[in-house]
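This report refers to the structure that appears directly beneath it.
Index from 1, following the sequence. We count ligands from 1, going down the list as the structure has it; atoms in each ligand are counted the same way.
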Amino acid sequence: MKTQTGQTIRLEDYHPTDYLIDTVHLDFQLDPSRTRVLATLALTPRQDTIAGTPLVLDGDALTFVAATLDGAPLADDAFVATPDSFTLKRPPAKPFELTIETVVDPTGNSALMGLFRSNGTYCTQCEPEGFRRITYFLDRPDVLAVYTTRLEGPRAEVPVLLSNGNPIESGTVGGDRHFVVWHDPYPKPSYLFAAVAGDLAHISDTFVTASGRKVDLRIYVEKGKEDRCHWAMDSLKRSMRWDEVRFGREYDLDIFMIVAVSDFNMGAMENKGLNIFNDKYILADPSTATDTDYAGIESVIAHEYFHNWTGDRITCRDWFQLCLKEGLTVYRDQEFTSDERSRPVKRIADVRTLKAHQFPEDAGPLAHPVRPETYREINNFYTATVYEKGAEIVRMLATRLGEDGFRAGMDLYFERHDGEAATIEDFLACFADATGTALDDMMLWYRQSGTPTVTSSGHWDPENHRFTLTLSQQTPPTPGQSEKTPLPIPIRFGLVGPNGDDMEIERVEGAEVSGDVLLLTEAEQTIVFHGLGARPIPSLLRGFSAPVRLVRQDGRDDQLFLLAHDRDPFNRWNAAQSLAMDHLTAATAAVRDGKQPQADPDLFRALQTVATNERLEPAYRALALQLPSESDIFREIGTDVDPAAISAARRAFRADMGAALAPTFRSLYDSLADDTPYQPDPVSAGRRALRAVALDYLAAAGLDSVEELAKHHFDSARNMTDRLAALSTLAMNGMPSAEDAFDAYAVMFKGDALAMDKWLTMQAMIPSDDTLDRVRRLMDHSAFSIANPNRIRALIGAFATGNAVGFHRADGAGYHFLASIVMELDSKNPQVAARLLASFRSWRSLEPGRRAAARTELERVAARSGLSTDTSDIVSRMLS
Ligand code: TRP
Ligand code: ZN
C-alpha cells in the first residue's frame with residue numbers, strides 16, 4: 001500500500017500521453033497468493049512525441065518479474081521497474097510491443113482495489129486507479145485500448161472465468177486446468193477492465209434489442225443464492241428497454257453479465273459487459289429484503305447499465321470530469337425510477353438525499369466543485385457533490401431546454417463523442433449546438449462550490465393588478481473560493497390564486513421566462529407580473545428546479561395555503577417540511593434553554609389532512625408525514641449546534657403529533673393491513689410505508705397498547721419490510737420488548753450476512769448514550785467483520801452518520817471511537833477508512849464543547865504516521 005502523502009494533481013496541467021496503447025493482451029495464471037499476469041501492450045508514439053521520450057507506466061505495489069521489447073528481453077539498463085512505476089528509458093520511435101510480467105497476491109489484497117478475492121472468488125475493481133495494481137499501464141481514462149484477456153486456472157476451483165466483451169476461445173490445459181479467452185471490441189480505458197474467476201452459479205435470460213439483436217443476460221452469484229437474483233434480472237431488462245425508448249440507446253455486445261460479490265468498497269461498477277456488484281444490490285427475496293432494498297437494486301442495476309453509454313462508450317478525459325459520467329448517469333437512473341414508479345415520490349426522495357448528503361458536504365470543510373480543479377486522492381471525490389449535485393446540473397439543463405431540446409443535445413453528444421474520452425465543455429457544447437442556446441453560464445455550476453441561498457419576497461399592488469417578486473441569490477464562501485459569482489438559477493414557478501388554481505399572467509418583466517420557468521441570473525432581480533385579478537401566492541422552485549436553499553420572506557399562512565392547494569406535489573410536500581422546520585428549530589432552541597417545546601396544532605391538522613387524503617398516493621402521504629431529519633435541522637441551525645437538543649426536540653414533536661392524531665394513525669394502521677402475498681411494486685410498498693409511519697407515530701406518543709401492537713407487527717410479519725419496520729419502532733422508541741425482538745431476529749437470520757447487517761444497523765442507531773458500548777460489543781459478534789465493507793458500514797457507518805445522540809456524545813467518546821477505528825482500518829482498506837472519517841464533515845458547526853472534542857480526535861488522526869493518501873487527504877482538508 002502506498003503511504004506517500006500524494007502530490008496535488010491539477011486540471012490545468014492536463015496534457016495527453018506521449019504514447020498510445022492500441023491493444024492489450026492479458027494472460028492471468030490464477031493463484032491465490034501468486035497470480036501471474038502477463039501483459040502485452042501494443043504502443044505507438046504520438047505524432048508529436050519527441051523520439052526516445054521515456055515511457056512511464058503507472059504501478060501500485062507491483063512485483064516485477066520480466067519484460068521484453070518486440071519479443072527480445074530488455075537489457076537491465078533499458079528500464080527501471082519499481083513497485084509504483086515502470087520506465088522504458090528510450091522507446092523506439094515507431095510502434096512497438098512491450099511485454100511485462102508481474103505477480104500479484106489477490107488473497108492478501110485487503111484494499112479491494114485491483115485483483116482481490118471475495119469468499120474465494122477472484123474479482124477486480126479498477127476504477128479509478130486499480131488497474132495499476134494488476135499490471136504496469138498508462139492507467140488514466142483517456143488511454144483507450146482494445147483488450148483480449150486470457151484467464152487460466154484449476155477447473156475445480158475456478159470453473160467460471162469471465163472478462164469483458166465476448167468469449168472467443170476456451171479449452172483444457174494439462175489435466176485439471178482450463179482457460180477462457182475474452183475479447184472486447186470496444187476500445188476502453190483501463191478502469192473499465194474486469195475479470196472474475198470462481199465457482200459461481202448463475203441465472204440467465206435473454207433480451208431482444210430494438211433492432212432485433214438477441215443478447216444473453218447472466219447474473220452470477222455464490223451457489224445457493226440464484227433464487228434471490230430474479231428481481232435484479234427483471235430490473236435489468238426494464239432498464240435495457242427504457243434506455244432504448246427514452247434515449248435511443250441499444251446494448252452493443254452479445255452478452256451482458258453481472259457478478260455479485262460480498263466484499264466490495266462501493267455499490268457497483270460498470271465494467272464493459274461485466275458489471276460487478278456489491279451483493280447488497282443484487283440479492284432480494286421477500287423475507288430478507290425490504291421495499292427499500294428492492295428499489296435500491298432496481299436503481300443501481302439501472303445506473304450501472306446506463307453507464308454502458310454514459311461512461312463506457314463515451315468516457316471521461318481525466319478524473320476531473322468524473323461528473324460527466326456520474327452526474328449524467330445518476331440523472332438517467334433518477335428518470336428511469338420516475339418513469340417506472342412515481343415521479344413526485346422519486347423527486348422528493350432524491351431531494352431528501354441531496355439535502356442529507358450533498359448540502360452538508362457543500363457547507364463544510366470538504367466542499368468542492370462538481371468538477372474539482374485539484375485533488376490529492378481521486379477516490380475521495382466519489383462524493384454526493386459529484387454524483388447528486390452533478391445530476392441536478394443535468395436536470396437544470398433539461399429544465400432550461402425542455403424535453404425535446406434536451407434529447408436533441410443528448411443525441412448529438414452520443415453521435416459526436418462515441419468512442420471518445422470527453423470533457424464537461426464537450427458535453428455542454430452539444431446542447432448549445434443542438435438547440436442554438438448559449439449555455440456558457442452553466443459552466444459556473446460545475447466550477448463553483450457551495451449551495452446558493454435564494455431569498456424571495458413579494459409585493460402586491462392591487463391598483464395596478466401587479467405582483468412584484470424580488471429574488472436575490474448569495475453563495476457563501478467555501479474552501480479555496482472566497483468570492484462567488486451569481487449563477488443561472490432556473491426557477492419553475494406558478495402564481496397560485498385564491499381558489500388554489502394557477503393564475504393567468506398577462507406579461508412578465510425583469511426576467512427571462514420560458515413556459516413556467518424563470519431564470520434568475522443576477523445577484524438580485526425584481527420581477528413584475530402584470531394583469532392579475534387578485535393577490536397571488538407564489539409557488540417557487542417547483543419540483544426543486546435548482547439545488548439551492550430557498551428562503552421565503554412570506555409567512556406561515558402562505559405556506560399552509562400552498563400545503564393545501566399547490567398543484568405541484570413537490571411544493572406541497574416542501575411547504576409541510578418548511579413549516580415543520582420552523583417549528584423544530586424553535587423547539588431545539590427551547591430545549592437548549594431548558595424549556596418545554598410547544599406543540600403546533602395548526603400544523604398537525606394540516607398534516608392530518610394530507611395523511612387522510614385518499615386522492616394522494618400512500619407513498620407520498622408517508623413522505624409528507626416524515627419530519628425533516630436531524631441532519632436537516634442541524635444544517636438549518638448551522639452554527640453552535642447541539643445534536644442532542646435537536647434529537648430531543650424532534651422526539652417531542654413526534655410524541656405530540658402522535659398523541660394529537662392518534663385516532664387518525666390508528667385507523668390508517670388498521671385500514672392499510674394487507675394479507676395478500678408480498679409484491680415489491682411501488683403501490684403496495686407505499687401502503688406498507690404509510691402503515692409503518694402510522695405505527696411509529698403511535699409509538700412515539702407512548703400510548704399503552706402500542707408496544708403490543710408493534711410486537712405483534714414484528715411477530716406476524718411475513719416480509720422483511722414489515723419485520724424491520726416493527727423492529728425499528730420497538731428499538732427507536734425505547735420499548736423494552738425491543739431486546740426480545742433483536743434476539744428473535746438474530747435466531748431467524750443467523751448466517752444471512754445481509755439480513756444481519758440490518759440487525760447491526762438498527763442497534764447502532766438507538767438514540768442513547770449507551771449505544772457506543774453496544775456497538776463495541778457488537779464488533780465481537782460473529783455477524784461483524786472488520787474485513788468486510790458492508791459490515792463496517794452497517795455497524796460503524798450507521799453509528800457515525802445515523803445516530804446523532806450516540807456519535808455526538810457530549811464527552812467525545814463517540815468521536816474517539818470513530819477516530820480509533822479509522823486508524824485501525826486505514827492500513828487495510830484506506831478507501832473505506834477515509835469515507836468513515838468523512839462523517840466528521842460538519843464538525844465545525846458543532847457547539848464549542850463537541851467542536852473541541854472533535855478537533856482533538858481529528859488531530860490525533862492527523863498525527864498518525866504512515867497514513868494512506870486517502871485518509872491523510874480527508875483529515876488535512878477537514879482541519880484546514
Ligand atoms: N463507477 C461506479 C459507479 O458509480 C462507482 C465506483 C467508483 C466504484 N469507484 C469504485 C465502485 C470503487 C466500487 C469500487 O457506478
Ligand atoms: Zn456511476
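In terms of N/O distances under 3.5 Å, ligand 1 is approached by E270. The distance criterion of under 3.5 Å between nitrogen or oxygen atoms is met by E326 with respect to ligand 1. Taking any N or O of Y387, backbone or side chain, at least one lies under 3.5 Å from an N or O belonging to ligand 1.
When F247, Y331, W242, Y251 are each tested for a ring pair (Phe, Tyr, Trp, His ring centres under 6.0 Å) with F306, only one passes: W242.
Of the heavy atoms in E127, both backbone and side-chain atoms come closer than 4.0 Å to ligand 1.
Inclusion of E326 in the first shell of the Zn ion (ligand 2) is supported: an N, O or S atom falls under 2.8 Å.
Near K325, with a cut-off below 4.0 Å to any heavy atom, the atoms of ligand 1 are 1 (N). Taking every heavy atom of A268 and a limit of under 4.0 angstrom, the matching atoms of ligand 1 come to 2 (C), 3 (C), 5 (C), 11 (C), 15 (O).
Seen from the Zn ion (ligand 2), atom NE2 of H307 and atom NE2 of H303 lie 100° apart in angle, a value rounded to 10°.
For F381 and W319, the gap between ring centers reaches or exceeds 6.0 Å. Between F406 and F431, the ring centre distance stays below 6.0 Å.
Protein heavy atom nearest atom 7 (C) of ligand 1, with residue, atom name and distance: Y382 CE2, 3.2 Å. At the top of the distance list for atom 9 (N) of ligand 1, counting protein heavy atoms only, stands M266 CE, 3.3 Å. Nearest non-hydrogen protein atom to atom 12 (C) of ligand 1 is Q125 NE2, 3.2 Å.
In this structure, K758 pairs ionically with D293, as a charged nitrogen and a carboxylate oxygen lie closer than 4.0 Å. Of the charged side-chain nitrogens involved, at least one lies within less than 4.0 Å of a carboxylate oxygen, so that R133 and D60 count as a salt-bridged pair. A salt bridge links K225 with E222: the closest approach of a Lys/Arg side-chain nitrogen to an acidic carboxylate oxygen falls below 4.0 angstrom.
Inspection of the Q831 and N265 side chains reveals an N or O donor paired with an N or O acceptor under 3.5 Å.
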